[in-house]
**Q** 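Structure incoming, see below.
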2 protein chains.
Amino acid sequence: MDMNEALMALDNPIRRRILVWLKDRSNFPPPLPEHADVDGVCVGYIQEKAGVSQSTISTYMSLLKRAGLVASERHGRFTFYRRNEPAIRTFLDRLGGEIGQGGHSSEDIDE
Amino acid sequence: MDMNEALMALDNPIRRRILVWLKDRSNFPPPLPEHADVDGVCVGYIQEKAGVSQSTISTYMSLLKRAGLVASERHGRFTFYRRNEPAIRTFLDRLGGEIGQGGHSSEDIDE
DNA sequence: TCCATATATCGAGAAATAGCGATTTATAGA
DNA sequence: TCTATAAATCGCTATTTCTCGATATATGGA
């Protein structure tokens with residue numbers, strides 16, 4: 001969990017919205033029957049909702065994944081992305097611990 | 001409180017550290033006697049601890065201030081910066097509300 | 001008024017990011 | 001094997017950010 005990468009990934013309204021959308025699958029079209037049990041949303045659906053190009057959405061999802069905020073799973077030709085809840089919680093906890101009120105050492109901030 | 005600006009300001013280890021340093025004045029040299037009662041730290045001390053140029057620290061503090069995360073107060077030739085605790089709390093609350101687990105609408109995210 | 005000092009602002013070059021279309025890769029199915 | 005499709009990667013230009021030194025501004029004191 002690289003705080004810089006996570007903050008960078010989140011410094012974009014569309015990428016933040018994607019994280020929010022992924023909370024609830026009802027934000028997306030129903031999955032193909034064969035994927036009814038897969039946990040996550042395929043890139044195409046996210047792209048459609050975000051309204052950016054295919055290459056841009058792929059880059060966005062890579063950034064979110066590199067930051068650890070989402071996880072991906074490939075099923076056939078489709079890549080499904082889902083929130084990485086423990087990582088998101090860790091990120092929020094660490095950010096709050098660092099910059100929030102209360103004692104915390106700045107030594108914990110990695111370059 | 002512009003979330004984008006705040007996240008951008010925080011996507012830099014030195015700026016995050018400054019916010020942490022400002023929690024505790026013992027991180028800085030003792031104030032001039034005449035400023036013993038002033039709440040905040042003057043730019044020069046922050047610059048010295050951060051180890052960046054004078055113009056850079058001024059820019060850093062402007063970014064943090066523009067994001068609302070710090071407030072400033074001028075006393076004579078000195079500008080004192082201090083944490084804006086309510087704003088920091090608001091920022092963390094909003095970020096947690098948005099991207100944290102639990103129901104929240106993505107409509108709340110401003111472009 | 002004149003000077004010293006603290007900070008802000010300006011201007012610039014380097015580096016990073018944004019977003020796109022084109023291309024490549026991987027996979028399912030005919 | 002060949003084709004179609006989903007997604008990733010590449011290459012590009014425009015924009016933004018980074019960081020600095022130089023300059024400007026403001027203020028207190030001689």
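Below, chains carry the letters A, B, ... as their sequence lines are ordered, and counting in each starts from 1. Predicted model only: the values in this text are computed from it and were never measured. Excluded from the calculations below are hydrogen atoms, water molecules and symmetry mates; all remaining heavy atoms, backbone and side chain alike, are included.
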**Q** What is the bend of the helix from C:dT1-D:dA30 to C:dA30-D:dT1 when you compare the axis at one end with the axis at the other, using five pairs each and rounding to 10°?
**A** 10°

**Q** At 4.0 Å (heavy atoms only), tell me whether B:M8 reaches a base, stays on the sugar-phosphate, or touches nothing.
**A** sugar-phosphate

**Q** Nearest-Å distance, CG (B:L7) to P (D:dT17)?
**A** 13 Å

**Q** Can you give me the closest heavy-atom contact between B:T79 and B:S72, atom names plus distance?
**A** CG2-CB, 3.9 Å

**Q** Whether A:Y81 contacts D:dA6 is assessed here as follows: a side-chain N or O lying under 4.0 Å from the phosphate OP1 or OP2. Is that the case?
**A** no

**Q** Could you tell me the separation between the CD atom of B:E73 and the P atom of C:dA8, rounded to a whole number of Å?
**A** 13 Å

**Q** Between C:dA18, C:dT7, D:dC18, which one does the side chain of B:V43 approach most closely?
**A** C:dT7

**Q** At their closest point, which heavy atom of B:A87 faces which heavy atom of B:M1, and how far apart are they?
**A** O-CE, 3.2 Å

**Q** How is A:Y60 classified with respect to the nucleic acid when contacts are heavy atoms under 4.0 Å: base, sugar-phosphate, or nothing?
**A** sugar-phosphate

**Q** Side chains of A:N27 and A:L22: does their closest heavy-atom pair fall under 4.5 Å?
**A** no

**Q** Taking the nucleotide of DNA chain D with the closest heavy atom to each, which residue, A:M61 or B:I57, is nearer the 5' end?
**A** A:M61

**Q** Please list, pair by pair, any protein nitrogen or oxygen found under 3.5 Å from a nitrogen or oxygen in nucleotides 20-25 of chain C.
**A**
unit_1 : atom_1 : unit_2 : atom_2 : d
C:dC20 : OP2    : A:S53  : N      : 3.2
C:dC20 : OP2    : A:S53  : OG     : 3.3
C:dC20 : OP2    : A:T56  : OG1    : 2.7
C:dG21 : N7     : A:S55  : OG     : 3.2
C:dG21 : O6     : A:S55  : OG     : 2.8

**Q** Using whole Å, report how far CD of B:E5 lies from C1' of D:dT16.
**A** 13 Å

**Q** What I'd like to find out is whether the side chain of B:T56 reaches to under 4.5 Å of the side chain of B:S58, using heavy atoms alone.
**A** no

**Q** In whole angstroms, how far is the P atom of D:dA7 from the CZ atom of A:F78?
**A** 6 Å

**Q** Using whole Å, report how far CG of A:D11 lies from C1' of C:dT17.
**A** 10 Å

**Q** With a 4.5 Å limit on heavy-atom distance, are the side chains of B:I88 and B:R83 in contact?
**A** yes

**Q** Using side-chain contact (heavy atoms from CB on, under 4.5 Å), reason through B:D39 and B:F80 one step at a time and then give a plain yes or no.
**A** CA-CA 7 Å; B:D39 181 17; B:F80 292 80; over 6 Å; no

**Q** Rounded to whole Å, how long is the line connecting atom NE2 of A:H75 with atom P of C:dA26?
**A** 18 Å

**Q** Do B:N84 and B:L69 make a side-chain contact, defined as non-hydrogen atoms from C-beta onward lying under 4.5 Å apart?
**A** no

**Q** Measuring only between side-chain heavy atoms, which start at C-beta, is A:I18 closer than 4.5 Å to A:Y60?
**A** yes

**Q** How many whole angstroms separate atom CD of B:Q47 from atom P of D:dT19?
**A** 14 Å

**Q** Measuring only between side-chain heavy atoms, which start at C-beta, is A:Q101 closer than 4.5 Å to B:K23?
**A** no

**Q** Starting at atom CZ of B:R66, determine the distance to atom P of C:dT9, rounded to an integer number of angstrom.
**A** 11 Å

**Q** Indicate the atoms forming the closest heavy-atom contact of A:I46 with A:W21, along with that distance.
**A** O-CZ3, 4.4 Å

**Q** By nearest atom, which of the nucleotides C:dA8, C:dA4, D:dA8 is closest to the B:T79 side chain?
**A** C:dA8

**Q** Any side-chain N or O of A:N12 below 4.0 angstrom from OP1/OP2 of C:dT17?
**A** no

**Q** Specify the residue among B:R15 and B:E34 whose closest nucleotide of DNA chain D lies further upstream toward the 5′ end.
**A** B:R15

